[in-house]
Amino acid sequence: MMRSGEMDRRVQVQEASVARGPSGEEMLTWSTVRTVAAKVERGGGSRPGTGGESEAAQEEKGLQRITVTCRWFSGASTKQRLVFEGRDWDIQSTAEIGRREGLEITAEARSE
């Protein structure tokens with residue numbers, strides 16, 4: 001069971017679209033499609049069954065990983081990204097918790 005008290009962070013879910021600039025060039029733009037209350041945990045790539053790399057291997061590649069747990073919503077995909085604490089996080093995987101009870105989203109960002 002998900003406890004709402006644990007979901008004490010705000011995370012934006014964004015989708016990409018292509019827009020035309022003033023001189024006709026294509027530009028990739030991101031827009032927020034929803035903001036969710038979430039529990040955010042750092043790391044998480046070495047859990048059994050995730051197929052992820054160890055945290056040490058991620059750091060060697062200059063990556064950081066977070067696992068976001070939130071209430072279920074439709075349409076979550078790896079084509080989206082998350083914005084958390086002012087950083088962009090590329091979604092690597094999504095997994096439904098229970099029967100539409102929640103979502104577990106794993107995302108990565110380059111180390112600063």
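Since we're looking at a predicted model, the values are computed, not measured. Numbers for residues simply follow the sequence, beginning at 1.
The distance from atom OG of Ser17 to atom CD of Glu26, rounded to the nearest 0.5 Å, is 11.0 Å. The CD1 atom of Ile97 lies 10.0 Å from the CZ atom of Arg71; values are rounded to the nearest 0.5 Å. Thr35 OG1 to Gln14 CD: the interatomic distance, rounded to the nearest 0.5 Å, is 8.5 Å. For the atom pair OG1 (Thr32) and CZ (Arg81), the distance works out to 8.5 Å, reported to the nearest 0.5 Å. From Ile66, atom CD1 reaches atom CZ of Arg9 across 11.5 Å, with rounding to the nearest 0.5 Å. Atoms OG1 and CE, from Thr69 and Met7 in turn, are 8.5 Å apart once rounded to the nearest 0.5 Å.
Gln64 and Arg87 share a side-chain donor-acceptor pair at under 3.5 Å.
Residues Thr67 and Glu104 meet the side-chain proximity criterion, which asks for heavy atoms closer than 4.5 Å. Inter-residue side-chain proximity for Leu82 and Val68 is flagged as met; some heavy-atom pair is nearer than 4.5 Å. Within the 4.5 Å cutoff, the side chain of Ile105 has no heavy atoms near those of the Trp89 side chain.
For the residue pair Cys70 and Ala37, the shortest heavy atom distance occurs at CB-O, 3.5 Å. For Phe84 against Arg10, the heavy-atom pair with the smallest separation is CD1-O, 3.9 Å. The minimum heavy-atom distance between Glu6 and Lys39, with the atom names listed, is O-CB, 3.5 Å. Listed here is the closest heavy atom pair of Trp72 and Glu96: CD1-CG, 4.0 Å. When all heavy atoms of Ala76 and Leu103 are compared, the closest pair comes out as CB-CD1, 3.8 Å.
Partners of Ala95 according to the side chain to side chain contact (heavy atoms under 4.5 Å, CB included) rule, which considers only residues two or more places apart in sequence or in another chain, do not exist here. Qualifying salt bridge (charged side-chain N to carboxylate O under 4.0 Å, His left out) partners for Glu25, counting only residues two or more places apart in sequence or in other chains: none. The side chain to side chain contact (heavy atoms under 4.5 Å, CB included) check on Thr78 picks up Ile91, with sequence neighbours excluded.
Within the 3.5 Å criterion, the main-chain N or O of Asp90 finds a donor-acceptor partner in the side chain of Gln92.
Remark: Arg34 CZ is packed, more than 12 non-hydrogen atoms of other residues, nucleotides or ligands lying under 6.0 Å away.
The hydrophobic cluster containing Trp30 does not contain Val33, counting ILVMFWY residues as joined when their side-chain heavy atoms lie under 4.5 angstrom apart, directly or transitively.
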